[in-house]
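This report refers to the structure that appears directly beneath it.
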Amino acid sequence: MLKIYNTLSGQKEVFKPLKPKRVRMYACGVTVYDYSHLGHARSALVFDVIRNYLQFSGYAVKYVRNFTDVDDKIIKRASEEGKTSAEIAEKYLLAYQEDMKRLGVAPADVEPKATEHIPDIIRLIKTLIKKGHAYRLNGDIYYEVKTYPAYGRLSKRKTEDLLAGARVEVDERKRDPMDFALWKSSKAGEPAWDSPWGRGRPGWHIECSAMSMKLLGKTFDLHGGGMDLIFPHHENEIAQSCAATGKEFARYWVHNGFVQINQEKMSKSLGNFFTIREIFEKWNRKWRTNDERKRDRLTAEALRYFLLTTHYRSPLDFSDVGLQEAKSALDGFYDLFKRLRESSVETTTSDVDVRVKQVIEELKNGFCQAMDDDFNTPAAIAALHRLRGEINRLPESGLSRQVRERTVKAFRKHGTVFGLFQIRVKDWEFNVPTGWMGQGMQTSFPSQPKEWRPTSGVTITEPPLPLIDEEKEIQRKVDERNEARRRKDFKRADEIRAELASFGITIEDRPDGTSRWKR
RNA sequence: GGCGCCGUACCCAAGUGGCUAAGGGAGCAGUCUGCAAAACUGCGAUGCGGCGGUUCGAACCCGCCCGGCGCCUCCA
């Protein structure tokens, strides 16, 4: 029985979708005016995992994630770069999709853009005007907050409190300082669409209301985004949507916590952010393969593991040490997969079979129990580790092929929810150079934000280890070494091992005199 | 000023009223090994920021305090 923490109620609730076995969910995507940072990655990953788990649990999911492609920040960026808003939006939209692909975050079922739904937005604004929730000020349309008594329900704010703390420049013409723009008249050179109120463009919040209701219905199951969207964005969405339809809008509100650097929120305005592509650039250099896509996959799994070892609602402090630990933990899984794959024994005793069945069942239960409890990914990962320990404890030599395959399948099946264990065993790289990361991009920021220059100066001084891609060559060396060991020529054997080690290859001897190796 | 969150071992991190406080990383010791590596075993918080209180019983509930953070303004 799945329970989800609902921001609306402030507590965990049993999840019951409107229609049995079907979930309609919407997550706020990004405003495409710059490259996305790790915070965006976390949010995207959280909802990717939620979608995956809902499907894993047997729900048919329709997932919508929007792009805000018309906005003040885009306009500003466009004028800075001497380009059109559309060009800026297009560029960063494609960059986002590329970043998501590298991260292994699957596209949403529908990824609507605000600019493609202008008629829907206008229609919604018309309804709000007609129902007395919005008013016109020259070419602008404002939502009148006090016409919606439930305003503040999501963010748990009283309208009086909001006023008291208002530090915003207030447009004096507004009926109330809290009223927000549904439609803005456009100045020359700004993107503009014809409307009953003249040429203009939508305000920030209205597009999510228009697109979510159009694509998912007036009432749908789950709506999410980062914590910072609770107010004002989602509060305003609720006000607009409910006022227009008179119906419930989204039923479960899910918000993820921030990524932080040195205990501070990672954000554009603080300047303490890493873009997703910076992380990939930096980490991809660790891997020995020349195949860029394989490198991406290795980095992506380490990053996903790292992000998922913290519960989605908690803040998460980013560090290279954390990523490194994630990689080490994954090594343990892949090492087990490797051994299971390489084992050549075909027989097994039935009690081992029974035991394997039992521990796989325990994984399933532990995993689902954790995920059903508000998507507790750290606890679910712990369940995976417990299975790893159990299997490692069983005599490796006694597992039949069938049992080994069943085990790996169980890992991969559950790992799919998180996007883990998807890499071919032979492509996983175990021994990566450490200790050189501090040479390049800073691993932690000083505490004075003004000095930060995180996006520049990425210099990697230590070159990657030389490549030995010829597996036959490696195997020849390994064979030669085992021949030497047979002769008790340990000096020669150790020489060969050292030589291979210099290429980042580790030898592990088996009891029968043969050896396996890994990068 | 208003609203809210967090503080669990060397590091990361679950747990939020009741078995021995998950799991990972790092470390140390042992088994195995020609030596290693991997794997396994053991060690590691009589205690969960501090002080009080409620309770038969609290990391978990309440109060106060200390430390850190977020939202109220664009923000995942």
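Since this is a predicted model, take the numbers as computed values, not measurements. Chain letters run A, B, ... following the sequence lines, proteins first, then strands; residues in each count from 1.
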Quiz item: Which pairs, with at least one residue in residues 39-49 of chain A and sequence neighbours excluded, count as a salt bridge (Lys or Arg N to Asp or Glu O under 4.0 Å)?
Solution: A:D48-A:R51, A:D48-A:R304

Quiz item: Tell me the salt bridge (Lys or Arg N to Asp or Glu O under 4.0 Å) pairs involving residues 360-373 of chain A, sequence neighbours left out?
Solution: A:K12-A:D373

Quiz prompt | Euclidean distance for P, B:rC51 against B:rA59 (whole angstrom) | solution = 13 Å

Practice problem: At under 4.0 Å between heavy atoms, which parts of nucleotides 16-30 of chain B does protein reach? Answer with one letter per nucleotide, 5' to 3': B base, S sugar-phosphate only, - none. | Solution: ------BSBB-----

Quiz item: What residues, two or more places apart in sequence or in another chain, satisfy salt bridge (Lys or Arg N to Asp or Glu O under 4.0 Å) together with A:E390?
Solution: A:R355, A:R393

Exercise. Look at all strands and tell whether A:F306 reaches a base, only sugar-phosphate, or nothing, counting heavy atoms closer than 4.0 Å.
Key: nothing

Quiz item: Based on Watson-Crick and G-U pairs with both distances under 3.5 Å, what dot-bracket line describes RNA chain B 5' to 3', crossing pairs as [ ] and inter-strand pairs as |?
Solution: ((((((((.[[[..)..(....]]].(((((.......))))).....[[[[[..)....]]]]])))))))....

Quiz prompt | A:P315: partners by side chain to side chain contact (heavy atoms under 4.5 Å, CB included), with sequence neighbours left out | solution = A:Q260

Practice problem: May I ask you to decide if A:F421's main-chain N or O and A:E301's side chain share a donor-acceptor pair within less than 3.5 Å? | Solution: yes

Quiz item: Just checking A:M227: base, sugar-phosphate only, or nothing, at a heavy-atom cut-off of under 4.0 Å?
Solution: nothing

Practice problem: Please name all residues satisfying side chain to side chain contact (heavy atoms under 4.5 Å, CB included) with A:V110, sequence neighbours left out, ordered by chain then number. | Solution: A:K62, A:V64, A:P112, A:L215

Self-check item: Spacing of the C1' atoms in B:rG53 and B:rG17 (rounded, Å)
Solution: 16 Å

When you compare the protein's N or O atoms with those of nucleotides 5-7 of chain B, which come within less than 3.5 Å of each other, and at what distance?
none

Quiz item: Partners of A:E429 by salt bridge (Lys or Arg N to Asp or Glu O under 4.0 Å), sequence neighbours excluded?
Solution: none

Quiz prompt | With A:A380 via side chain to side chain contact (heavy atoms under 4.5 Å, CB included) - residues at least two apart | solution = A:F367, A:A370, A:M371, A:F418

Exercise. Please work out if A:G257 contacts a base, only the sugar-phosphate, or nothing of the nucleic acid, heavy-atom cut-off 4.0 Å.
Key: base

Quiz item: When we call it a touch if two heavy atoms are under 4.0 Å apart, what does A:G226 touch: a base, just sugar-phosphate, or nothing?
Solution: sugar-phosphate

Exercise. Return the set of residues passing salt bridge (Lys or Arg N to Asp or Glu O under 4.0 Å) with A:D494 (not counting sequence neighbours), or none when no residue passes.
Key: A:R497

Quiz item: Considering residues at least two apart in sequence or located in another chain, which fulfil the side chain to side chain contact (heavy atoms under 4.5 Å, CB included) criterion with A:F258?
Solution: A:M227, A:D228, A:K265

